[in-house]
Asks: 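There's a structure below that I have some questions on.
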Amino acid sequence: MKQSTHQMGLTEDYLVLIDTAFKISLKEILPTLPNKRYDPIEKFLGNLLDHPQLKDNTVYIIDRRELLTGKKSVQAKKVTIPREAAHFLVDYRNPDDQITLHLAHVCAWDAAEWLTKFDDAGPVDGSGTSPLYGAIAGPMDISKLGCHVINGKTGKFIRENQDILMDKDYTWGAAIYAYRERPFPDRLEDIYWSCLGCWADLKTPHIEHLYNHYPYREVGLEELDEITTQGKPSTLFRLHIAPLDQVAEDENRLSIADGYQFPEGHWVVSPQFIPRLGTEGSTDGYILCVAG
């Protein structure tokens, strides 16, 4: 693992590990020096030791049954999925050894980067600091949602064209998900994603430098500047995933069934699904969010 194992996925037959887009760099362990005369040195070292996150996901698939054999080691299937991801989910059932992965592709959006004392982060308060210090830096491209079906035995993709969805009004900074966990679904039909949005206050020179040459760029840099200046709000939307056997090979399984854009000035995270009493459906309930 070159970055971090932020999550693990568990299906009925397989364990899924992904080298997720939460990098760890030497910059993060540098001490913060109180004396301002050292600021130029501290800033130089931070830029020198920092690096962008990996552009692709390395996925490792392990057969759970091999873990019960008493072997000292087991072999994993290694799969590469283009475009980095931080959070993901898996369908529990894997019929015919098919593993379905649901990924939030945080394209050129780096959760390991946040606003520091060297960034222009808006007005300062009486203590001389900005209220935005410590906030996650904004995205340098639009995020995407992906659904990838892989054969657990061979590591090969089931569908030639992987299902990818983006929406210029909704998918900026794809962050945290929610879904109905009880009763536990065999297959995920609806996932509620929260996206943090895109704001000029969170677009820093350092994050621009790291991702100016992002290889999978969807939104050009000039257009990105315009979008960031205008601002994109935090959103919450329901991603619907159609059954694999009900879509054609060239048809996208993913669609935004409904969604909500929060008022300007709101930053929304951590959605939770609260089921309605006496129901079982994936949409029968309420979504509770934390807003700041």
Side-chain angles (χ1 to χ4, degrees), residues 3-7 20-54 84-87 104 106-143 171-178 193-212 214 224-225 227-236 262-272 288-292:
Q3 297 180 133
S4 64
T5 307
H6 183 63
Q7 287 180 274
T20 43
F22 280 98
K23 71 185 187 192
I24 298 175
S25 66
L26 291 176
K27 170 194 171 185
E28 296 172 27
I29 62 174
L30 289 176
T32 299
L33 303 176
N35 195 323
K36 287 188 175 294
R37 68 176 179 173
Y38 295 117
D39 282 359
I41 299 175
E42 189 178 344
K43 184 176 182 180
F44 171 78
L45 290 175
N47 291 334
L48 179 66
L49 298 174
D50 202 5
H51 57 84
Q53 63 199 13
L54 298 178
E84 64 273 44
H87 291 125
V106 288
C107 303
W109 185 45
D110 196 330
E113 296 291 341
W114 53 87
L115 272 65
T116 70
K117 64 181 181 180
F118 305 116
D119 298 312
D120 181 10
V124 297
D125 58 22
S127 67
T129 62
S130 165
L132 293 179
Y133 286 171
I136 299 175
M140 281 295 294
D141 201 3
I142 189 170
S143 299
T171 59
W172 291 92
I176 311 294
Y177 57 79
W193 286 99
S194 66
C195 292
L196 298 186
C198 186
W199 311 98
D201 289 342
L202 300 179
K203 186 168 179 279
T204 68
H206 181 64
I207 200 74
E208 288 185 81
H209 171 72
L210 285 180
Y211 294 98
N212 262 356
Y214 180 63
L224 181 68
D225 285 340
I227 290 173
T228 304
T229 300
Q230 295 172 2
K232 287 290 184 181
S234 289
T235 59
L236 174 70
F262 287 84
E264 183 179 353
H266 288 72
W267 209 55
V268 180
V269 294
S270 301
Q272 301 290 326
L288 177 67
C289 298
V290 176

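Note that the coordinates shown come from a computational prediction; the quantities given were computed from them, not determined experimentally.
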Asks: What residues, two or more places apart in sequence or in another chain, satisfy salt bridge (charged side-chain N to carboxylate O under 4.0 Å, His left out) together with E113?
Replies: K23, K27
Asks: Tell me whether the count of non-hydrogen atoms from other residues, nucleotides or ligands lying under 6.0 Å of NE2 in H51 goes above 12.
Replies: yes
Asks: If we check side chain to side chain contact (heavy atoms under 4.5 Å, CB included) with S194, which of these qualifies: S234, C289, S270, P271?
Replies: P271
Asks: Just jot down the side chain to side chain contact (heavy atoms under 4.5 Å, CB included) partners of L54, sequence neighbours excluded, or say none.
Replies: K2, Q3, D19
Asks: Which value, rounded to the nearest 0.5 Å, describes the distance between W199 atom CH2 and T228 atom OG1?
Replies: 11.0 Å
Asks: For a quick test of reading the model, state the closest non-hydrogen atom pair linking W109 to Q53 and the distance between them.
Replies: O-NE2, 3.1 Å
Asks: When rounded to the nearest 0.5 angstrom, what distance separates CG in D141 from CD1 in I227?
Replies: 9.0 Å
Asks: Could you tell me the separation between the CG atom of L196 and the CD1 atom of I136, rounded to the nearest 0.5 Å?
Replies: 6.0 Å
Asks: Between E84 and A108 (side chain of the first, backbone of the second, donor and acceptor by atom type, cut-off under 3.5 Å), is there such a pair?
Replies: yes
Asks: Nearest 0.5 angstrom please: I142 CD1 to K232 NZ, how far?
Replies: 8.0 Å
Asks: How close do S143 and G173 get, heavy atom to heavy atom, and via which atoms?
Replies: OG-N, 3.1 Å
Asks: Are the side chains of D50 and L210 in touch, meaning some heavy atoms are under 4.5 Å apart?
Replies: yes
Asks: Does any part of the side chain of L202, heavy atoms only, come nearer than 4.5 Å to the side chain of L115, both counted from C-beta?
Replies: yes
Asks: Nearest 0.5 angstrom please: I207 CD1 to W114 CH2, how far?
Replies: 11.0 Å
Asks: Can you name the closest pair of heavy atoms from W172 and C195 and give their distance?
Replies: O-CB, 3.2 Å
Asks: Output all residues satisfying ring-ring contact (aromatic ring centres under 6.0 Å, His included) with H6, sequence neighbours left out; order by chain, then residue number.
Replies: F22, H87
Asks: Does the side chain to side chain contact (heavy atoms under 4.5 Å, CB included) test come out yes or no for N212 and M140, once each step is laid out?
Replies: CA-CA 8 Å; N212 262 356; M140 281 295 294; 3.9 Å; yes
